[in-house]
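Notes follow once the structure below has been shown.
When reading the values below, keep in mind they use all heavy atoms of this one structure, side chains included, and skip hydrogens, waters and symmetry mates.
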Amino acid sequence: MFLQINNIKLTPAQQEREIIDIINLEYDLSVTSFKIIKKSLDARNKNNIHYSYKVIIDVDNIEASRLLDYDNIEKYDPYIIPETVKTIFNEKIIIAGSGPAGLFAALRLIESGAHVIIIERGKRVEERMKDIELLETKGILNCDSNSLFGEGGAGTYSDGKLTTRINKPEMFWFYKKLIENGASESIAYESKPHIGTDQIQRIIKNIRKKIIDSGSEIRFNERVTDLYITNGKINGVATSTGNEFFSNNVILAAGHSARDMYSLLQQKNVAIEKKEFAIGVRLEHPVDEINRIQYGNSKYIKTLPAAEYNLTYNNSSTKRGVYSFCMCPGGSIINSSSEEVMLCVNGMSMSKRDNRFSNAAIVVTVKKEDMGYDSLSGIELQRELEMRAFKSGGGDFKAPAQRISSFINNKLDNNLPESSYKKGTVPAQLEDFLPSWITNELRDGLSSFNNKMYGFISPNGVLIGAETRTSSPVRITRDTSLQSISVKGLYPAGEGSGYSGGIVSSAVDGIRAADMIIEKSRL
């Protein structure tokens with residue numbers, strides 16, 4: 001019988017192979033193997049920092065009966081991976097975008113027996129990385145190949161964080177496919193799994209090979225420029241290279257920054273609506289400062305991973321939230337611009353998370369009433385602030401920045417500490433590019449965060465802006481079948497749909513859209 005043992009503790013100095021000795025000694029057993037199903041770091045008590053594990057062991061029924069008397073041992077209830085249903089398709093399936101939603105929808109459909117055509121405006125991941133390097137070092141922007149657009153989508157260059165709040169069965173199929181294509185098996189059990197930009201590139205290449213080897217297609221450097229709609233049904237798409245592709249099933253997974261796609265949808269009278277999102281800045285500290293705050297004087301501080309944080313503040317008067325987002329321990333701040341003379345930033349980290357800095361977005365919620373009447377008014381707000389940030393940085397994609405302590409005291413810096421942002425930072429005040437209703441909330445939020453993490457407001461901490469692409473400011477309205485409410489056969493999926501955020505939830509959304517098409521094909 002398979003049993004689950006909860007709350008096995010290891011110090012950061014211990015090895016996971018020691019778990020077997022702990023189990024046998026603690027429960028008078030002689031098992032020879034175990035499987036980890038959950039691992040998390042508990043640093044709440046800085047004098048007792050440890051890893052906590054849940055593991056599975058296999059014992060006979062007599063031993064199981066004895067062990068089940070322990071409070072921390074229970075029968076193992078395995079999760080069920082929703083396997084792909086095989087079927088016959090009468091047409092090729094079109095997918096716009098090769099981010100997590102597009103790629104994993106494609107893998108799901110291919111397993112079911114479909115031929116898919118992925119249309120990707122950007123380049124293959126290896127070529128894309130060269131364009132990103134040109135932008136970050138020389139300020140040369142390719143609007144279709146950057147940290148937001150290209151093979152793998154935005155998640156490829158924001159380091160493959162797999163932290164998610166969703167708990168849907170499709171996520172286990174997603175983890176399975178990532179592991180099959182080169183990810184570590186630990187992503188299936190770590191509480192905050194992370195792949196790293198360096199590793200995710202290799203995985204994306206493997207997924208590409210699998211898609212192409214199946215006979216399906218990925219068309220790079222080609223973007224959807226028109227949707228063919230007849231009597232409220234999708235018939236196909238036209239692309240920037242003059243091609244036309246016809247299908248009654250199109251998965252729209254273009255990403256939350258495909259602003260031209262949102263404009264096209266509006267022109268085609270596809271139902272869209274504005275939605276809440278968040279705007280703010282990136283906050284960067286030396287990694288040692290965050291480690292000291294989170295780990296204190298722990299004797300394990302040099303062996304522990306770069307420390308993380310997750311902070312929230314709610315203003316009871318304005319009903320706005322301020323929160324940290326996309327925290328990158330041991331990471332870098334990157335340029336995530338996709339349009340000329342507009343600057344926005346993001347964060348990323350490599351698999352080892354061994355950079356000298358840690359950063360996170362510190363953002364303020366933007367309500368619908370903060371935008372104009374038009375469904376695309378959130379995009380216009382983003383653009384306005386990105387243009388102001390570009391100007392405040394002096395052009396050439398240098399980033400405006402302010403020490404966190406100077407921001408709190410409303411002072412302009414004479415100089416700035418070193419930053420991971422490659423193109424360089426320029427002393428500025430956040431009010432140069434952010435409205436007061438955002439900066440006022442940021443000051444209150446940061447002060448609250450300092451009460452929770454004393455030392456957070458530090459002269460070495462730098463606020464770098466602007467962070468505007470936290471999520472889509474638009475939702476493409478869809479029904480319970482995940483089809484657009486106004487165009488049958490059009491499946492908005494991923495972050496660009498406005499229903500997901502992050503790699504895991506976006507991939508799951510794409511898988512669910514694929515399953516809807518698979519189910520429809522069986523009827």
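Remark: the backbone N or O of Met342 is paired with a side-chain donor or acceptor of Ser337 at under 3.5 angstrom. Side chain of Ser497 to backbone of Tyr499: a donor-acceptor contact under 3.5 angstrom is found. A distance-only check finds no donor-acceptor pair linking the side chain of Asn249 to the backbone of Gly489 [under 3.5 Å]. Judged by distance alone, the side chain of Glu120 and the main-chain N or O of Phe220 form no donor-acceptor pair under 3.5 Å. Ser472 places a side-chain N or O within donor-acceptor distance of the main-chain N or O of Val474, the cut-off being under 3.5 Å. Checked by atom type and distance alone, the side chain of Gln402 never pairs as donor or acceptor with a backbone atom of Pro427 at under 3.5 Å. In this structure a side-chain-to-backbone donor-acceptor pair under 3.5 Å is present from Asn206 to Asn181. Of the possible donor and acceptor atoms, one in the side chain of Thr439 sits under 3.5 Å from a partner among the backbone N and O of Ser436. With hydrogens and angles disregarded, a donor-acceptor distance shorter than 3.5 Å links the side chain of Glu495 to the backbone of Gly502. No donor-acceptor distance shorter than 3.5 angstrom exists from the side chain of Asp396 to the backbone of Lys398, with no hydrogens or angles considered.
Side chain to side chain, Ser240 and Glu222 fail the donor-acceptor criterion of an N or O pair below 3.5 Å. Defined by atom type and a distance below 3.5 Å, a donor-acceptor pair is missing between the side-chain atoms of Thr365 and Glu276. Judged purely by distance below 3.5 Å, without hydrogens or angles, the side chains of Arg403 and Asn409 never pair a donor atom with an acceptor atom. Side-chain contact annotation: Glu127 with Ser145, donor-acceptor N/O pair under 3.5 Å absent. Arg469 and Asn346 share no side-chain donor-acceptor pair at under 3.5 Å.
Between Ser377 and Gly372, the closest heavy-atom pair is OG-O, 3.0 Å. The minimum heavy-atom distance between Asn450 and Gly455, with the atom names listed, is OD1-N, 3.2 Å. Across all non-hydrogen atoms, the minimal contact from Tyr175 to Val504 is OH-CG2, 4.1 Å. Across Val270 and Ser486, no two heavy atoms sit closer than the pair CA-OG, 3.5 Å. Taking all atoms of both residues into account, the shortest heavy-atom contact from Thr312 to Tyr323 is CG2-CB, 4.0 Å. Scanning both residues, Ala101 and Gly494, for their nearest heavy atoms gives CB-CA, 3.6 Å.
A 4.5 Å side-chain heavy-atom check between Ile279 and Leu434 finds at least one atom pair inside the cut-off. By the 4.5 Å heavy-atom criterion applied to side chains, Leu283 and Asn359 are not counted as neighbours. Contact check for Arg388 versus Asp432: no side-chain heavy atoms found under the 4.5 Å cut-off. Under the 4.5 Å side-chain criterion, counting only non-hydrogen atoms from C-beta, Arg282 is in contact with Cys326. Counting only heavy atoms from C-beta outward, the side chains of Ile95 and Ile119 never approach each other to under 4.5 Å. The side-chain heavy atoms of Asn460 and Glu289, taken from C-beta on, include a pair separated by under 4.5 Å. A heavy-atom distance below 4.5 Å is not found between the side chains of Asp131 and Asp144. Residues Leu446 and Ile408 meet the side-chain proximity criterion, which asks for heavy atoms closer than 4.5 Å.
Electrostatic pairing of Arg108 and Glu170 does not count as a salt bridge here, judged by no charged N lying under 4.0 Å from a carboxylate O. A salt bridge between Lys138 and Glu133 is absent, with no side-chain N of the basic residue lying under 4.0 Å from a carboxylate O of the acidic one. Salt bridge Arg223/Asp260: present, at least one basic N to carboxylate O contact under 4.0 Å. Ion pairing between a basic and an acidic side chain is recognised when a charged N comes within 4.0 Å of a carboxylate O; Arg320 and Asp444 show no such pairing. Remark: Glu431 engages Arg443 in a salt bridge, criterion side-chain N to carboxylate O under 4.0 Å. A salt bridge does not link Asp509 with Lys168: none of the charged nitrogens is closer than 4.0 Å to a carboxylate oxygen. A salt bridge is defined here as a Lys NZ or Arg NE, NH1 or NH2 lying under 4.0 Å from an Asp or Glu carboxylate O, and Asp370 with Lys274 fails to meet this definition. At a threshold of 4.0 Å, the pair Asp226-Lys268 counts as salt-bridged, since one of the basic side-chain nitrogens sits closer than that to a carboxylate oxygen. Note on Arg383 versus Glu380: salt bridge recorded, some NZ/NE/NH1/NH2 to OD/OE distance being below 4.0 Å.
With rounding to the nearest 0.5 angstrom, the CD1 atom of Ile229 is 5.0 Å from the CD1 atom of Ile234. Of the inter-residue distances, the one linking Asp515 atom CG with Tyr491 atom OH reads 11.0 Å to the nearest 0.5 angstrom. For the atom pair NZ (Lys422) and CD1 (Ile334), the distance works out to 10.0 Å, reported to the nearest 0.5 Å. Between the CE atom of Met129 and the NZ atom of Lys123 there is a distance of 12.5 Å, given to the nearest 0.5 Å. Once rounded to the nearest 0.5 Å, the distance linking OG of Ser332 with OH of Tyr157 reads 7.5 Å. Ile187 CD1 to Ile203 CD1: the interatomic distance, rounded to the nearest 0.5 Å, is 7.0 Å.
In this structure, Lys411 places its NZ atom where only 12 or fewer heavy-atom neighbours from other residues, nucleotides or ligands lie under 6.0 Å away. Atom NZ of Lys452 has more than 12 neighbouring heavy atoms from other residues, nucleotides or ligands inside a 6.0 Å radius. Counting non-hydrogen atoms of other residues, nucleotides and ligands closer than 6.0 Å to NZ of Lys391 gives a total of 12 or fewer.
Remark: aromatic rings of His256 and Phe277 are distant, center separation not under 6.0 Å.
By the 30° and 60° cut-offs, the orientation of the rings of Phe456 relative to His285 is tilted.
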For this session: Show the numbers, then the answer: is there a side chain to side chain donor-acceptor pair (under 3.5 Å) between Gln266 and Asp374?
Result: CA-CA 10 Å; Gln266 188 179 60; Asp374 189 88; 3.1 Å; yes

For this session: Quick one: do Thr468 and Glu386 satisfy side chain to side chain donor-acceptor pair (under 3.5 Å)? Show the steps, please.
Result: CA-CA 8 Å; Thr468 55; Glu386 289 169 18; 2.6 Å; yes

For this session: Carefully, step by step, assess Ser338 and Asn146 under the rule side chain to side chain donor-acceptor pair (under 3.5 Å).
Result: CA-CA 7 Å; Ser338 60; Asn146 45 61; 5.5 Å; no

For this session: May I have the step-by-step check of side-chain contact (heavy atoms from CB on, under 4.5 Å) for Ile511 and Trp173, ending in yes or no?
Result: CA-CA 9 Å; Ile511 294 165; Trp173 188 88; 3.5 Å; yes

Problem set entry | Check against ring pair (Phe, Tyr, Trp, His ring centres under 6.0 Å), Phe390 and Phe397 | CA-CA 6 Å; Phe390 184 86; Phe397 292 106; 5.1 Å; yes

Problem set entry | Stepwise side chain to side chain donor-acceptor pair (under 3.5 Å) test for Glu441 and Asn315 | CA-CA 8 Å; Glu441 299 287 354; Asn315 188 323; 3.2 Å; yes

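Listed by first then second residue, pairs satisfying ring-ring contact (aromatic ring centres under 6.0 Å, His included) with a partner in residues 398-422 number zero, not counting sequence neighbours.
A salt bridge (Lys or Arg N to Asp or Glu O under 4.0 Å) with Glu151 is found for exactly one of Arg208, Arg219, Arg128, namely Arg208.
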